[in-house]
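When a ligand or atom number is given, it counts from 1 through the structure's own listing order. Quantities reported herein were computed from a predicted structural model and do not represent experimental measurements.
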Amino acid sequence: MKRRDFLGFGVGALAGMAACNSPSSTGDEGPAVVSDKKIRWRLASSFPRSVDTIFGGAEVLARRVSEMTGGNFDIRVYPAGELVPALQVLDAVEQGTIQVGQSCSYYYTGKNPALAFDTCVPFGLTARQQNGWLEQGGGGELINELLSDFGMRAFRGGNTGVQMGGWFRREVNALSDLQGLTMRIPGAGGDVMSMLGVTVQQIPGGEIFPALERGAIDATEWVGPYDDEKLGFYKIAKLYYYPGWWEPGPSMSFFVGDKAWAELPATYKEIFQAAAAESAAVMQQRYDNENPPALARLLDKGVQMRPFSDEIMTGASEASQAYLEDNAAKDPGYRKVYQAFAKAREDGRRWFGASELAYARFVSG
Ligand code: CA
C-alpha cells in the first residue's frame with residue numbers, strides 16, 4: 001500500500017508537551033505523565049489488506065501509537081480472518097482475546113439494533129454530519145452507552161464518504177424496474193431494497209465478481225470508484241449508479257475493551273485518541289484523493305454513470321423512513337438513539353443544503 005510520511009514525534013517532545021499540559025481530557029486520572037510502560041495489544045480488523053484505504057487506517061493507528069511512545073505501546077494489526085473471522089471482531093473484543101478491533105458497528109445489529117447509528121443508516125448523515133454528531137453532538141456518548149453492555153467503547157476510525165449506488169447490468173428507471181432485480185447489498189440498505197421488491201443477496205466481497213459474471217446477480221454495490229475498480233465489476237456491468245443512499249457517510253470504529261483501556265497509562269490514552277483521530281482523518285483524505293482519478297479511469301473504460309431517478313430516490317427515501325420508524329416503535333433503546341440522530345439530521349438539512357450541498361451542486365453540475 002501507499003505509505004504516507006509523518007513527522008517523527010519522539011518521547012522527548014512528548015515529555016515537553018506533558019509538562020505544560022493541563023489534566024488529561026480522559027478525566028479521572030489527573031495530570032498525564034510520561035510513561036515507559038510496555039503495552040502489547042492485538043488489533044483484529046474486519047477488513048482484508050486489499051481494502052487498503054480502510055485496513056490502512058488500522059496501520060496508521062498502530063504506527064502513530066508506536067512512534068509517539070518510542071515503541072513502548074505496540075499494537076499488532078491483523079487483517080480479517082487471521083485472528084478472528086471478519087464479522088466477529090466485536091465478539092473478540094468482548095471476550096478479551098483482542099484489546100482493540102477495527103470494524104463497523106452496523107455489522108453487530110444482532111447485539112443491539114441501535115448500533116447501526118454509529119456507522120450509518122439509509123438516508124442518514126453525510127460523513128461531515130456523522131462526524132459532527134458523533135464527536136460533538138452527543139451521538140458518540142449514546143453509542144458508548146450501548147457498547148458498555150459489551151464491556152467496550154468506540155473511537156471514530158474514519159469514513160468512506162458517500163458511497164456509490166453500484167453496478168447494474170441493466171437500467172433501472174422506475175420503481176417497477178426494481179421488482180425482481182437480484183442485487184448484492186448487505187445490511188439496512190438490503191432491508192430497504194427488499195421492501196422495494198429487490199431480491200437481496202448477501203455475498204462476501206471476494207465472491208461478488210463471479211456471481212455478477214455468471215448472471216446470478218443483476219447488480220451489486222461495494223464502496224466507490226477506488227475500491228470498486230480493484231474488484232473489476234466494470235468488466236461485466238457498465239452502468240454505475242449513484243448515490244449510494246444507503247451509505248451516505250459510513251463511519252468505521254476502533255473498539256477498545258474496557259479492561260484493556262483501564263490498564264493504559266494516562267498518556268497512552270491521550271496518544272491512542274490522537275492517533276485514532278489522525279487515522280480517521282487520513283482515511284477520508286485518501287478516499288477523497290483516490291476516488292476522483294479512479295472514477296476517471298473507469299469512465300475511460302466505457303463505464304456509464306447514471307443517477308438514480310427521482311422516482312427511485314423518493315420511493316427509497318420513504319421506505320427508509322418507514323423502516324427506521326418501525327424499528328424505533330419496536331425498541332425503546334433504538335428509539336432513544338434514533339430520536340437524537342433524527343434531530344441532528346433535521347437540524348443539519350437547512351445549513352448543509354445552503355452551504356456544502358448548494359455549492360457542490362453548482363460546481364459539479
Ligand atoms: Ca457499500
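- Centroid-to-centroid, the aromatic rings of Phe123 and Trp246 stay 6.0 Å apart or farther.
- Ring centers of Tyr334 and Phe117: under 6.0 Å apart, within the cut-off.
- Put simply, Gln163 gets within reach of the Ca ion (ligand 1), with an N, O or S atom under 3.0 Å from it.
- Contact annotation: the side chain of Arg76 never approaches that of Arg40 to less than 4.5 Å [non-hydrogen atoms, C-beta and beyond].
- When ring centroids are compared, Phe168 and Tyr241 come within the 6.0 Å threshold.
- Note: angle at the Ca ion (ligand 1), from OE1 of Glu221 to OE1 of Glu247, is 90° (rounded to 10 degrees).
- Residue contacts to the Ca ion (ligand 1): Trp222 brings an N, O or S atom closer than 3.0 Å.
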